[in-house]
Amino acid sequence: MDRALASALLRTAEEEAVRNGAQVMRLDTRADLVEARALYAKHGYQEVEPYGERLYADHWLVKNFPAARRV
């Protein structure tokens, strides 16, 4: 996937989450998806301890949304 398109899709998902009242976005991904992990890091996601059991998840990430951004 084109990097610009991937960034745009992630931003759109975040904007929709905020519009729906989300205060945090949680993601998980596999270890072999290096590009996905780089994309998430670029957009401010921080790796955290596992928050659930997922068959194909090796990395768990979280991004908190600033209060001013919430609608």
Side-chain angles (χ1 to χ4, degrees):
M1 178 182 289
D2 178 274
R3 287 181 186 148
L5 178 57
S7 287
L9 287 171
L10 183 57
R11 274 193 306 275
T12 299
E14 290 176 349
E15 290 166 0
E16 190 62 26
V18 169
R19 265 194 291 278
N20 283 288
Q23 298 176 14
V24 65
M25 185 91 119
R26 292 179 179 90
L27 305 171
D28 57 63
T29 190
R30 298 184 335 223
D32 63 323
L33 297 177
V34 177
E35 295 87 353
R37 289 179 19 230
L39 173 72
Y40 301 145
K42 175 183 170 186
H43 288 272
Y45 287 82
Q46 301 292 316
E47 287 210 35
V48 295
E49 292 295 317
Y51 49 78
E53 291 187 33
R54 309 258 311 181
L55 183 59
Y56 299 107
D58 301 305
H59 296 271
W60 289 261
L61 305 108
V62 171
K63 180 176 181 178
N64 293 302
F65 299 121
R69 194 170 161 193
R70 294 184 206 136
V71 179

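Note that the structure is a prediction, hence the values are computed from the model and not measured.
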(request) Identify, with sequence neighbours excluded, every residue that meets side-chain contact (heavy atoms from CB on, under 4.5 Å) alongside Glu16. (result) Arg19, Asn20
(message) So, taking the atom named CZ in Arg26 and the one named CG in Leu61, what distance separates them when rounded to the nearest 0.5 Å?
(response) 12.0 Å
(message) So, using side-chain contact (heavy atoms from CB on, under 4.5 Å) as the criterion, who are the partners of Arg30 when residues are at least two apart?
(response) Asp32, Leu33, Tyr56, Asp58
(request) Measure across Gly44 and Lys63 and return the closest heavy-atom pair with its distance rounded to 0.1 Å. (result) O-CG, 4.0 Å
(request) Report yes if some heavy atom in the side chain of Leu27 is under 4.5 Å from a heavy atom in the side chain of Met25; otherwise report no. (result) yes
(request) Report the residue from Leu10, Val62, Leu39 that forms a side chain to side chain contact (heavy atoms under 4.5 Å, CB included) with Tyr45. (result) Leu10
(message) Within the 4.5 Å heavy-atom criterion, are Glu35 and Arg3 side-chain neighbours or not?
(response) no
(request) Identify the heavy atoms of Phe65 and Ala22 that sit nearest to each other, and give their distance. (result) CD1-O, 3.7 Å
(request) Please check if the side chain of Arg37 supplies one atom and the backbone of Ala31 the other of a donor-acceptor pair under 3.5 Å. (result) yes
